[in-house]
**Student:** 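This is the structure I want to talk about, given as structure tokens.
Numbered from 1 within each chain, the chains take letters A, B, ... in sequence-line order.
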2 protein chains.
Amino acid sequence: MQNFKEILDKSTLKATPQRLAILKELESNGHSNIDEIYENVKAIFPSISLATIYKNIISLKEENIITEVCHPKKNKYEVKKEPHAHFICRKCGEVEDIDLDNALTDELIQNYPNSTKELYIYGLCDKCS
Amino acid sequence: MQNFKEILDKSTLKATPQRLAILKELESNGHSNIDEIYENVKAIFPSISLATIYKNIISLKEENIITEVCHPKKNKYEVKKEPHAHFICRKCGEVEDIDLDNALTDELIQNYPNSTKELYIYGLCDKCS
DNA sequence: TTCTGTGCAAATCTTTTGCATGGCA
DNA sequence: TGCCATGCAAAAGATTTGCACAGAA
């Protein structure tokens, strides 16, 4: 479990309880969309508003604390970590992290010097195929 | 230039002038989002409505005539063609097609047997980097 | 005639904005 | 006091739906 308070203290953003809850939700869920964040954080802060979620997602993105995962159904967000790939299921929308540690992907990405090392592969997950 | 009338005739959809114009727009533009399609088709059919664009995009997707390109800013659409990769600029949003003909990508995709051979690489395009 | 597709308007959903309030340095 | 950040409500934007009409088989 990461120390989000410390991460926020180093940024321009204050470590409010709501922000910490959003980050905790992303960490435990892996990838969540706005609704999922809202529902799960609401369980802890019943008074939180959707607008707060949206505003925080924008500022956490700007501060490079979270990353947007482009998603065919609904964009998702994740706590920033090592560059890695995503496998996204075209049917159920499930997102799976893929390690980028093999020679193959390294080499592929070498061909795109300006790439941010974000690779996405679409297909069907085990359940849906 | 593809024969879209023929393609539509083979599907369950009729080859209406509006549909043909949407496909022609996608073909000439490469990748367009809803607004771009609307604006450009409107130049030819001033009476076309946004609802018609939306409805057609849905049915053309269902018939596998077009493909949705997941895009951080606005989803784009393209006429279906050989499986290929996309390079998407995180800054300006430009989409660039990448051929999937090299051994590297072939091999990468072999590792994901259920992949639809859709690969996305994010980064900065030449202009933005 | 029948069926599908179109275009308008309304409805719904999603996201953003403005503003008053509250908490913390 | 002076900032941010929050939460509400309203506004703005995007997408979907219902319906009447038009056009092709």
**Student:** Not counting sequence neighbours, which residues clear side-chain hydrogen bond (donor to acceptor under 3.5 Å, both in side chains) with B/Lys55? List them please.
**Tutor:** none
**Student:** With the threshold set at under 4.0 Å for non-hydrogen atoms, list the residues of residues 10-32 of chain A touching DNA chain C in residue-number order.
**Tutor:** none
**Student:** Answer yes or no: are there more than 12 heavy-atom neighbours, outside A/Asp126 itself, under 6.0 Å from its atom CG?
**Tutor:**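 No, the 6.0 Å shell around CG holds no more than 12 heavy atoms from other groups.
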**Student:** Which residues satisfy the salt bridge (Lys or Arg N to Asp or Glu O under 4.0 Å) test with B/Lys127, sequence neighbours excluded?
**Tutor:** B/Glu94
**Student:** Please list, by residue number, the residues of residues 40-51 of chain B whose heavy atoms come closer than 4.0 Å to an atom of DNA chain C; answer none if no residue qualifies.
**Tutor:**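 Contacting residues: B/Ser47, B/Ile48, B/Ser49, B/Ala51.
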**Student:** What parts of residues 56-69 of chain A reach DNA chain D, counting only heavy atoms under 4.0 Å away?
**Tutor:** A/Asn56
**Student:** Transitive ILVMFWY cluster of A/Val95 at side-chain heavy atoms under 4.5 Å: who else is in it?
**Tutor:**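 A/Val69, A/Ile88, A/Tyr120, A/Tyr122, B/Val69, B/Ile88, B/Val95, B/Tyr120, B/Tyr122, listed by chain and number.
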**Student:** For the pair A/Glu118 and B/Arg90, evaluate salt bridge (Lys or Arg N to Asp or Glu O under 4.0 Å) and give the outcome as yes or no after the intermediate values.
**Tutor:** CA-CA 10 Å; A/Glu118 292 169 273; B/Arg90 275 278 183 205; 2.4 Å; yes
**Student:** Could I get the full list of side-chain hydrogen bond (donor to acceptor under 3.5 Å, both in side chains) partners for B/Glu78, not counting sequence neighbours?
**Tutor:** B/His31, B/His84, B/His86
**Student:** List for me each residue that meets side-chain hydrogen bond (donor to acceptor under 3.5 Å, both in side chains) alongside A/Asn29, sequence neighbours excluded, and say none if there are none.
**Tutor:** A/Glu25, A/Ser32
**Student:** Other than B/Ile44, which residues form its hydrophobic cluster under the rule that side-chain heavy atoms must be closer than 4.5 Å?
**Tutor:**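 Hydrophobic cluster check, B/Ile44: joined to B/Phe4, B/Ile7, B/Leu8, B/Leu13, B/Leu20, B/Ile22, B/Leu23, B/Leu26, B/Ile34, B/Ile37, B/Tyr38, B/Val41, B/Phe45, B/Ile48, B/Leu50, B/Ile53, B/Tyr54, B/Ile57, B/Leu60, B/Ile65, B/Ile66, B/Tyr77, B/Val79.
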**Student:** What is the first contacted nucleotide of DNA chain C and what is the last, in 5' to 3' order, if contact means an atom lying under 4.0 angstrom from a heavy atom of chain A?
**Tutor:** C/dT14 to C/dG18
**Student:** Is A/Ile58 isolated, or which residues cluster with it under the ILVMFWY side-chain rule of less than 4.5 Å, directly or via members?
**Tutor:** none
**Student:** If you look only at pairs with a residue in residues 12-23 of chain A, which of them pass as a side-chain hydrogen bond (donor to acceptor under 3.5 Å, both in side chains), with sequence neighbours excluded?
**Tutor:**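 Applying side-chain hydrogen bond (donor to acceptor under 3.5 Å, both in side chains) to every pair that reaches into residues 12-23 of chain A, excluding sequence neighbours, yields A/Thr12-A/Glu63, A/Arg19-A/Asn56.
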